[in-house]
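Please read these numbers as outputs of a predicted model, since none were measured by experiment.
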Amino acid sequence: MKPSELKSLIIGSLDEKTDPRTASKKLEEEGISYDFSKGFSEKVIDKIFSMPETVVREIEFVKSMRFIFNRVALTGVAAIILLLVSIFLAEGSLSFNSFLGIGDSYDESIVYLLTGN
Amino acid sequence: MKGSYSQAEDSELISASIAGDKLAFSEIMERYRKMVARTVKGMLGDSVFAEDIGQEVFIKLYNSLSDFRGEAKLSTYIQKIAINLTLNEIKRRKRFFSMFSQKGNNEMHEYEIADFDSEGKRDATELVNKALMGLDPKFRIIVAMRMLQGYSTKETAEILGLPLGTVLSRLSRAQEQLKQILRNL
């Protein structure tokens, strides 16, 4: 195939009307192919299966920690929501004073409680 | 079953690989090696970096096989890993080049094209490589997916997690860019 024909084929393969599978097959037939070098798979297998036991254990440990963290984080969020709901039901608002449990107290009585005067 | 995985389903290969069967994982690599090569080399060019990223793709796949829930096809899962790692490499290169030049991205393209020219080869794959390397990375991925992998616009959008309209507009802009690049090659 002439370079000009190949260029048209490349540009044409991006046309919306062109079937991408057929176009990509055509390009492959014209010798446009990709592969890794010889011994690629062996190198990968060596790297994976010669990984020291400690590294594999570390990966497992990190995975377990992530799992535990997710559980703890979810439980924490649920507890916060429950706390907010209970404060709202008990105090009728979510103000700063409600959080401190002094929503219904007068300023004077707080001073009395703190200072004794 | 061990030793004769050529007829096995992907799910069987995954289970056996998780159990530590080298042959099963080799079969997975045999099935998807070329697909990964098309994505990685289509995006990064035929270089030693592409080989390294290709290796990383399969190592990452092996380490995350237990997380694969089988909701999508294995090929899609591998393709996503390949795209993510390749895009990370492109970002890393972009940062590296921008350290030396204010031109950043353009400089990277000039470097890559010059590198290919130095070999002086003129075969079909090389022509495609040169054209792809001249494209903006966000267009390059769309072109590589369609032209080299044969994915439809819908499939490309799903794999890349982009809206269909974005893929369509990028495809059309990529085609215009590609026409200009090929005119000069």
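Using a 4.0 Å cut-off between charged nitrogen and carboxylate oxygen, B/Arg92 and B/Glu89 count as a salt-bridge pair. Using a 4.0 Å cut-off between a side-chain N of Lys or Arg and a carboxylate O of Asp or Glu, A/Glu30 and A/Lys26 do not qualify as a salt bridge. A salt bridge does not link B/Arg173 to B/Asp136: none of the charged side-chain nitrogens sits closer than 4.0 Å to a carboxylate oxygen.
Here the options are B/Arg33, B/Lys41, B/Arg38, B/Lys34, the test is side chain to side chain donor-acceptor pair (under 3.5 Å), and the partner is A/Asp35; only B/Arg33 passes.
Heavy-atom distances place both the backbone and the side chain of A/Ile11 under 4.5 Å from chain B. For B/Thr39, no part lies under 4.5 angstrom from a heavy atom of chain A. Neither the backbone nor the side chain of A/Asp19 comes within contact range of chain B; no heavy atom of the residue lies under 4.5 Å from a heavy atom of that chain. Heavy atoms closer than 4.5 Å to chain B are found in the side chain of A/Lys43, but not in its backbone. Of the two parts of B/Met29, only the side chain, counted from C-beta on, holds a non-hydrogen atom closer than 4.5 Å to a non-hydrogen atom of chain A. For A/Glu16, the parts sitting under 4.5 Å from any heavy atom of chain B are the backbone and the side chain alike.
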Between B/Tyr77 and B/Ser64, is the side chain to side chain contact (heavy atoms under 4.5 Å, CB included) condition met? List the steps.
CA-CA 10 Å; B/Tyr77 188 67; B/Ser64 63; 3.2 Å; yes
Would you please test B/Met133 and B/Arg140 for side chain to side chain contact (heavy atoms under 4.5 Å, CB included) and show each step?
CA-CA 8 Å; B/Met133 290 304 120; B/Arg140 205 188 303 164; 3.9 Å; yes
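Taking B/Leu148, B/Leu178, B/Leu171 one by one and counting their heavy-atom pairs under 4.5 Å with chain A, the maximum is reached by B/Leu148. Taking chain A as the reference chain and counting heavy-atom pairs below 4.5 Å, the highest number among B/Val128, B/Thr125, B/Val36 is found for B/Thr125. Most heavy-atom pairs under 4.5 Å with chain B, from the set A/Lys7, A/Lys25, A/Lys63, A/Glu28: that is A/Lys7.
Aromatic ring centres of A/Phe49 and B/Tyr62: separated by under 6.0 Å.
Scanning both residues, B/Ala50 and B/Leu44, for their nearest heavy atoms gives CA-CD1, 4.1 Å. Residue B/Arg146 comes nearest to A/Ser24 through the heavy atom pair O-CB, 4.2 Å, listed as atom of the first residue, atom of the second, then distance. Residue B/Ala72 comes nearest to B/Thr76 through the heavy atom pair CB-CB, 4.4 Å, listed as atom of the first residue, atom of the second, then distance.
Of all residues spanning residues 152-168 of chain B, those with a heavy atom less than 4.5 Å away from chain A's heavy atoms are B/Ser152, B/Glu155, B/Leu168, arranged by number. Contact residues of residues 66-86 of chain A toward chain B are absent (heavy-atom distance under 4.5 Å).
In this structure, the separation between CD1 on B/Ile81 and CD1 on B/Ile53 is 13.0 Å, given to the nearest 0.5 Å.
A/Ser8 places a side-chain N or O within 3.5 Å of a backbone atom of A/Ser4 that can act as its donor or acceptor partner.
Residues B/Tyr32 and B/Leu61 are not in side-chain contact: their nearest non-hydrogen atoms beyond the backbone lie 4.5 Å or more apart.
Heavy atoms from other residues, nucleotides or ligands lying under 6.0 Å from CD of B/Glu9 number 12 at most.
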